[in-house]
Amino acid sequence: MSALVLDDVKVHFGGVRALDGVSFSVEPGELCGVVGPNGSGKTTMINAISRATKITSGEISFDGTPISKVHRYRLSRIGMARTFQAIRLVPDLTARNNILLAAEQKNRRAGVDGARRPATVIVDELMERFGLDAIRDELPGVLSYGTQRRVEIVRALATQPRLLLLDEPVAGMNHTERGEITQILRELHADGLTMLIIEHDLRMLLNISDRLIVLNFGKLLAEGEPHATAKLPDVQRAYLGGTRD
Amino acid sequence: MIDFFTANAPLLRNISVLALLGYSVHLALRAGVFSFATIGFFALSGYLSANLLLAGWAWPVVLALTVVVGFILALLISPVLTRLRHLYLAMATLAFTLFIQSLAFSWDTYTGGAQGLFAVPRVLPIGFMLALVAVVVLLTWATSRGRLGRATAAVRHDELLSASLGVNTNGNQAGAFAASAAVGAAAGFVQVSTTGVFGPENVSFGMVVQSLTVLVVGGALYWAGPLVGAVIIGVLPLYLTNAGNWSLILQAVVVLLIVVYQPDGVIGIVKRAVHWLVRFVRPRSDTSVPDTDTVKAGER
Amino acid sequence: MQYIINGLSLGAIYALFALGLSISWAGLNILNLAHGAVFMAGALTAWWLTTTVPAVPFAVVLVLAVAVCAAIGLLMELLIFRRIRRQSTDEGQQTLATVIATVATSSLLIAIASQITRNQPQGLPQSAFVVESYTVWGVRVTNIQIIILVCAALASWAVAWFIKRSKQGQALRALSVDRDMATLLGVSTDRLSMATMAGAGAMAGLAGVLLAVQTNAVDAHMGEVLLFKAFAIIIIAGVGSIGATVAAAFALAMVETLVAAYWISSMRDVVVFALIMGFLILRPQGIASRAWQRA
């Protein structure tokens with residue numbers, strides 16, 4: 001059973017057709033990259049999946065269950081997490097508390113031995129694993145952009161998701177920061193976490209994706225093996241003559 | 001000790017009511033709910049309490065009843081809240097309060113119309129009144145920390161984000177609104193059972209202004225804000241007895257200055273002063289202020 | 001028929017006042033609870049001018065009073081709203097601070113006015129404005145009513161043109177949707193805010209002077225009652241929609257004039273606030289379906 005299925009999803013705002021009949025599926029454990037020019041509907045798609053935006057027609061299923069009528073806050077409880085294009089950390093809470101906030105919601109599923117681990121344990125483990133120990137008690141405002149993004153991703157992980165949606169995780173980052181985040185995504189992929197990543201940085205996606213989806217004008221333009229798909233003439237044309245850095 | 005209380009009873013009563021009103025607004029605000037309905041619930045409870053006390057009901061029962069009624073009524077109204085954004089919510093709750101005020105004028109039988117109700121038995125002992133305030137302060141402090149505190153802060157800042165993390169934002173805000181109504185109702189009860197009167201002057205737009213002033217002066221998002229604000233606003237008139245319009249002018253100017261220049265209120269000013277003092281006395285390279293659970297803080 | 005004329009001129013004043021409130025809410029996201037106080041300031045300025053310097057022609061009084069109110073609006077933007085915008089961390093806190101600031105400004109203006117008028121309602125001196133009435137088709141129309149209608153018509157038309165046609169008006173609509181985006185597009189948000197607040201102040205002041213002349217009464221609290229009626233008007237009409245606001249203003253004034261004899265003022269208030277709540281619950285975007293402010 002697919003982890004995520006979009007079935008002819010349309011999102012229309014007034015006269016704007018942000019998504020115009022998109023269908024595809026993501027298999028468990030897959031890392032699916034989504035690219036497309038500005039305005040192609042990438043962010044709308046993530047918003048539709050995470051119920052931040054209403055769908056005009058079509059259906060979205062998560063692990064076989066249709067979710068287009070599910071309350072937003074229930075999604076993380078059934079295993080879906082996301083990050084946002086603009087980093088959204090709660091400014092009044094320390095890095096640790098931002099992550100704890102996520103961990104202590106009713107998302108925790110039983111661990112391997114059947115027992116639920118305390119939220120604090122989950123948080124401490126995650127922060128240690130991803131090198132955030134040093135900045136535990138800092139407020140987001142003093143953290144570097146790359147570190148903030150790392151905290152945001154770790155926060156999403158604290159809900160113990162089975163599907164992680166990422167909206168332009170490396171946007172605006174320098175080379176080093178980009179490398180750090182890419183490494184994290186590789187690790188998560190190796191762990192078996194299903195991921196859907198929207199990005200402008202085609203090269204980064206080509207390096208880590210199992211599959212590539214290309215959107216254009218709200219429609220699915222192409223999908224398939226990343227390198228092959230990226231070389232398709234239609235795709236190249238959509239990007240006005242080449243890959244973007 | 002008792003002498004102090006009885007001698008200053010009117011002052012303590014003023015401060016208590018102001019504090020409760022301030023907490024009522026605070027509880028809603030810290031969850032991001034722009035509610036000006038506090039005075040509306042204050043009025044409902046005031047008139048209800050007055051009628052019941054006049055009919056001879058025991059005061060603990062009246063207190064419990066008005067608080068519960070306020071709580072439930074607010075829960076019933078809360079689905080509306082979630083659909084309105086900031087200004088529209090402010091407008092709706094303001095309209096609610098003024099609606100109650102206009103009802104108070106016209107529904108004479110229960111409200112005494114323009115004159116209000118009086119000769120209500122003043123049965124609330126000062127000790128209980130202060131204890132009630134203490135309980136509200138304590139509960140506010142307790143819920144500002146830990147899991148609920150973090151969730152509330154998140155909801156206030158960013159509903160979409162909170163929902164994506166699994167926080168039931170509607171439930172959180174409904175609860176905050178209901179708590180706000182309950183405390184507002186408690187304030188109404190205290191007002192009636194300590195002064196013996198309740199009338200349209202208690203339900204005016206001026207009262208709305210008072211409750212907001214108390215909150216803003218103290219520090220809108222701090223758990224101790226309404227208490228500090230109530231003490232300041234309560235004590236101030238003592239020093240401005242014959243000022244008349246000038247005291248109103250002064251109050252307005254103070255609120256303006258705080259809202260524009262020191263939005264964190266008196267507590268914010270004190271916090272900043274202490275922080276600066278600490279740095280002055282013990283200069284260290286690491287000046288970041290550790291924060292574990294302080295949800296209201298603006299320690300930036 | 002007489003009632004209709006009276007209703008029209010009252011409606012014109014309501015329309016002027018409500019439009020100012022509407023554009024500051026729709027364009028700048030400001031719930032201006034001081035709008036009524038500015039209205040009163042216009043009336044007060046007119047009173048003060050005519051009582052201190054009786055020889056001043058009415059046209060001058062009008063212009064000066066309007067200028068004073070425009071200045072008040074401008075000062076509010078410069079000293080208060082701009083500072084709050086600059087230093088606020090999130091939308092919620094900014095909105096709260098702005099609302100509280102307008103409340104405090106209102107209290108301040110009213111307290112100052114009470115001090116000046118010595119807590120007594122005042123009347124305009126006879127010399128201020130000579131009321132002449134004409135009888136047209138059996139209906140008595142005063143010159144002040146004509147002036148009111150003309151002023152209101154001009155102002156409404158001007159605002160409508162500004163919002164719909166001018167570049168600044170379009171910029172204002174862009175501003176209300178997304179301030180940051182508007183800045184990126186090159187809109188001078190600060191200047192636009194100043195112009196909007198000054199304009200709103202001017203309209204309030206104009207309405208204030210006209211009403212003061214019509215009813216021959218100036219009182220520190222005269223703006224309060226009108227303020228909430230205006231909120232009812234703009235919410236029912238849809239915040240930001242010019243035509244509907246004007247229509248609703250006239251409708252309310254008509255109903256008030258025609259039914260005045262049968263309504264107790266407190267019942268009227270009950271209805272006004274119930275209407276506001278009802279619309280906000282059921283149809284927050286108002287009657288005009290294409291309001292440019294998201295509810």
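Residue numbers begin at 1 in each chain, while the letters A, B, ... track the order of the sequences. Because only heavy atoms are used, hydrogens play no part in the values below, and waters and symmetry mates are left out as well, while side chains stay in.
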Please classify the contact of [X] with chain B as side chain, backbone, both or neither, using a heavy-atom distance under 4.5 Å.
{"X": "Phe228(C)", "result": "side chain"}
{"X": "Gln87(C)", "result": "side chain"}
{"X": "Ile30(C)", "result": "backbone"}
{"X": "Thr105(C)", "result": "both"}

Using side-chain heavy atoms (C-beta onward) and a distance below 4.5 Å, is [X] in contact with [Y]?
{"X": "Val259(B)", "Y": "Leu96(C)", "answer": "no"}
{"X": "Phe273(C)", "Y": "Gln101(B)", "answer": "no"}
{"X": "Val103(C)", "Y": "Val255(B)", "answer": "no"}
{"X": "Phe231(C)", "Y": "Leu94(B)", "answer": "no"}
{"X": "Phe279(C)", "Y": "Tyr88(B)", "answer": "no"}

To the nearest 0.5 Å, what is the distance between [atom1] ([X]) and [atom2] ([Y])?
{"X": "Ile84(C)", "Y": "Tyr261(B)", "atom1": "CD1", "atom2": "OH", "value": "10.0 Å"}
{"X": "Leu31(C)", "Y": "Leu89(B)", "atom1": "CG", "atom2": "CG", "value": "11.0 Å"}
{"X": "Met91(B)", "Y": "Ile234(C)", "atom1": "CE", "atom2": "CD1", "value": "8.0 Å"}

(message) Using a 4.5 angstrom heavy-atom cutoff, name the option from Ala232(C), Ser114(C), Ser107(C) with the most pairs to chain B.
(response) Ser114(C)
(request) Tell me, out of Leu109(C), Ile100(C), Leu280(C), who's got the most heavy-atom pairs with chain B below 4.5 Å. (result)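 Max contact count across the listed options: Leu280(C).
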(request) Would you mind telling me which of Val209(B), Ile258(B), Val80(B), Leu256(B) has the largest number of heavy-atom pairs within less than 4.5 Å of chain C? (result) Leu256(B)
For a quick test of your reading: what N or O donor-acceptor pairs under 3.5 Å do the side chains of residues 170-178 of chain B make, sequence neighbours left out?
residue	atom	partner	partner atom	Å
Gln173(B)	NE2	Ala31(B)	O	3.0

Is it the side chain or the backbone of [X] that comes within 4.5 Å of chain C heavy atoms, both, or neither?
{"X": "Leu29(B)", "result": "side chain"}
{"X": "Leu215(B)", "result": "neither"}
{"X": "Val260(B)", "result": "both"}
{"X": "Phe34(B)", "result": "side chain"}
{"X": "Phe36(B)", "result": "side chain"}

(request) Grab the two heavy atoms, one from Phe96(B) and one from Met277(C), that are nearest each other, plus how far apart they are. (result)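 Residues Phe96(B) and Met277(C), closest heavy atoms: CA-SD, 3.4 Å.
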